[in-house]
Amino acid sequence: MAILDLRVIDQLKELIGGDVEELHELIKLFLVEAKDILSDMDTSLETQDLELLRRSAHSLKSSSQDFGATRLSELNAALESSCRNHWPESAANHVVKIADSFKQVDVALNEYISGPVNHG
Amino acid sequence: MVSTERILVVDDKEVHRKKMSLALANLGYESDTAESGADGLLKLKSHSYDLVLLDILMPVMDGFEVMEFMKDDPNLRDIPVIVISALDREMDSVVKAIEFGAQDFLPKNFDPVLLQARLTSSLERKRNRDRELEHLRQVERLTDAAAILENQVVDPQRLQIADISERPDALGQLARVFTSMASQVFEREKRLRQQIRTLRSTGILFAVGLVSGLGVVLSRIAAEAAEHPFGIALWINLIVAGISLSFATFRGNFPKLDRSMIWVFIVWAFLSTIIAEVTILWVAQELPASIIALILVSEGFIVFAIASLIKIEQATMRRLAGFIVGLVGVALAIFSTSESAAISTPWMWALVALLAPLGYALRTLLVTVKIPHDMDPFAANGLCAATACIMLIPFVILFDDFFMLSLNKDSPGGTSLVLAIFLFAIISAVGVAMRVSLIRSAGAVFASQTSFVVTFAGIGWSIILLGESLPVIAWFALGLLVTGLLLVGPKDEAEENDPIALKSHSKNKPAELPANIKTATHSSR
C-alpha cells in the first residue's frame with residue numbers, strides 16, 4: 001500500500017478551490033495536528049485513558065484520509081475499532097505502528113510540498 | 001455562485017475547520033468557525049447563521065449535546081444542522097444525529113458536488129420555512145389590523161401593514177384592500193369632522209357679528225343719553241364681570257390665576273375697554289352708528305397687517321392688493337361722514353374711531369397667543385371686565401364721569417340708558433365669550449372676519465332701530481372694504497407651511513381639503 005495517494009490530494013486541492021498555497025498551509029496544519037494527536041496517544045498509553053486513545057485514533061483516521069495517507073488511516077481505523085469496548089491488549093503495539101507510518105507520511109508530504117512537480 | 005447565507009462550522013480540529021472553510025468559500029458561501037461545542041453555541045446565540053456544519057465526536061461537549069441545546073432554544077430550533085461523519089463506520093451516529101434533529105449528514109471525505117447538493121437542499125428548506133413563518137406572522141398582523149379596524153376609525157398608517165401590502169400574493173391583495181378601506185373611512189370621517197367644525201365656527205361667527213353689531217347701536221343710544229363714556233364703560237364692565245364670573249363659577253370653571261396672567265388681562269382690558277369701547281362710546285356722541293360699524297370693518301385689515309409684520313402670515317401680492325383696496329375703502333368711509341353728520345369736523349371723529357378696530361385687532365391677536373386654551377371663555381371675559389373696572393376708576397374720577405343708574409324718568413338718560421347699558425353688558429358677556437371660543441377653534445384670522453358681519457349687522461341695526469341712512473358714498477366705501485377683505489383672506493393655500501395658518505386652515509377650510517389631497521397625490525406620483 002502506498003504511503004501517499006496523490007489522487008486524494010488532488011481531490012482535496014479541487015475541493016478547496018485549487019489554491020496551491022492554501023493546500024500547502026493545510027498540509028502543514030495537518031502535520032502539526034497529527035504530531036499533537038500522536039503525543040495524546042502516548043499520554044493515553046501512560047494513563048490507560050481509553051476515551052482519549054479512541055478519540056485520537058478517530059481524528060487521525062479521518063484527517064489522514066483527507067491527505068491521502070491511506071495506510072495511516074487504516075491503522076488508526078483498526079485502533080479505533082479495537083477501542084470500542086475495553087482497553088486493547090495491543091494498544092502500545094498499534095501506537096508504535098501508527099508513529100512509524102506517520103514518519104513516512106511526514107517525509108512524503110514535505111517532499112510533496114517542496115517538490116517542483118507539484119507547484120502549479 | 002455567490003450567496004449571502006452564513007454557515008457555522010463546528011469542529012475541534014483546526015485542519016478540518018480550515019478545510020471546510022476553504023471548501024465553502026470555493027462554493028461562494030460565507031462561513032465562521034467554532035472550535036468546540038460550547039464555542040459553537042455561543043456563536044449561534046450572538047450571530048445569525050443559516051446553517052450549521054457540525055462534527056459529532058468532540059471532547060467535552062459533543063455534537064449531540066449541541067443539537068439538544070439548539071432544540072431547546074426557540075431562536076436556534078429552526079437552523080438546519082448537517083452532521084459530518086465518516087459514513088462507513090459511523091452509521092449508528094448518523095442515525096442518532098438525525099433522530100436528534102439533524103437535517104442531513106456529510107461524509108468526512110466529501111467532494112464539492114456532494115457538499116453543494118447537501119447545502120442547497122438544506123438552505124432551500126430553511127428559506128421555505130422562513131417564508132412560511134413570515135407569512136404566518138403577516139397573517140397574524142393583518143388579523144390584528146382587521147380587529148382594530150372593526151372597533152375604531154384609525155389612520156391607515158397606524159395599522160402598519162404597508163410591508164404586507166407589497167406582497168404580490170393574495171395576502172398582499174387583502175392588505176391593500178384593508179389599507180384602502182381604512183383610508184377611505186378615515187378621510188371621510190376627517191372631512192365630516194372638519195365640515196362640522198366649519199359649520200359651527202361660521203354659526204358662531206354670525207352670532208358674534210350680529211350681537212356685536214347691535215352693541216354699536218346700543219353704544220350710540222347710550223352715548224346720546226349720557227355723554228359719559230368712561231362712566232358707561234364702567235357700568236357695562238361691572239355688569240359683564242358680574243354675569244361672566246357668576247356663570248363661570250356656576251359651571252365650576254372659576255380660573256386659578258398665576259401672576260404672569262395678570263399682565264395679559266391688564267393689556268386685554270386696556271385694548272378692548274379703554275381703547276376700543278370708550279372710543280366707540282365717545283365717537284358715538286358725534287357719529288351715526290352705521291358709520292362706526294363701517295369703520296369697525298378695518299379690524300380685518302389691521303389683523304392682517306400685524307400678522308404679516310410679525311410673520312405669522314404671508315403677505316402675498318393678492319393680499320397686499322386687498323389691503324390697499326381696504327385702505328381706500330376706509331378713507332372713503334371717513335370722507336363719507338362729511339356728507340352725513342351735522343357736525344363740524346366729522347372726518348376727525350372718524351379718524352379717532354379707527355382706534356376701536358385697532359384695539360379689537362390687537363385684542364384678537366393677544367387672546368390667540370396668550371390666553372390658555374383650557375381657560376373657560378366666560379371666566380376669561382369676566383376677569384378682563386373686572387380688570388377693566390379697576391382701570392376705568394381713575395378715568396371716571398378724572399373726567400368726573402360717574403353717574404347713578406336710575407329708571408326714574410327725570411334722571412339723566414332715563415330708561416333708555418339703563419336698558420342700553422344692561423343689554424350691551426349682556427350681549428358683551430355672551431358675545432366676547434363666544435368670540436374667545438371662536439378664536440380658539442378657528443384661529444385669529446378667521447375670527448377677525450367677524451368684522452364683516454359686525455359691520456353689516458351694525459348698519460342693519462342702525463337702519464332698523466335708529467332710522468339712520470347711509471350716504472351713497474358710504475355704500476361705495478362698504479363695497480371697497482368687502483372687496484379688500486375678500487382679497488386679503490380668510491386663508492390662502494400658499495400658507496399651508498405656516499403652523500398657525502395651517503391650524504386655522506385645516507380647521508376651517510375643509511372645502512379645500514380635497515384639492516390639497518389631490519396636490520399631495522399628484523406630487524407623490
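Letters A, B, ... mirror the listed sequences (proteins, then strands); counts begin at 1.
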Item checked: Close side-chain approach of A:Met41 and A:Leu38, heavy atoms under 4.5 Å ->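 A:Met41 reaches A:Leu38 side chain to side chain.
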Next item on the list: State, with a plain yes or no, whether a side-chain heavy atom of B:His135 is found less than 4.5 Å away from one of B:Arg131.
Entry: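 No; the side chains remain at least 4.5 Å from each other.
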Is it the backbone or the side chain of [X] that comes under 4.5 Å from a heavy atom of chain B, or both, or neither?
X	answer
A:Ile27	neither
A:Leu52	neither
A:Gln11	neither

Before accepting this row, confirm whether a basic side-chain N of the pair [X]/[Y] lies closer than 4.0 Å to the acidic partner's carboxylate O.
X	Y	result
B:Lys96	B:Glu99	no
A:Arg71	A:Glu74	no
B:Arg141	B:Asp163	yes

Note to self: If we count only N and O atoms by modelled type, under 3.5 Å, do the side chains of B:Asn128 and B:Arg125 hold a donor and an acceptor together?
What the structure shows: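 No, because no side-chain N or O of B:Asn128 sits under 3.5 Å from a partner of the opposite role on B:Arg125.
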Next item on the list: Return the set of residues passing salt bridge (Lys or Arg N to Asp or Glu O under 4.0 Å) with B:Asp11 (not counting sequence neighbours), or none when no residue passes.
Entry: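 B:Asp11 satisfies salt bridge (Lys or Arg N to Asp or Glu O under 4.0 Å) with no residue once adjacent residues are dropped.
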Checklist line | Proximal to chain A - members of residues 14-22 of chain B, heavy-atom separation under 4.5 Å | finding: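 Checking residues 14-22 of chain B against chain A gives B:Glu14, B:Val15, B:His16, B:Lys18, B:Lys19, B:Leu22.
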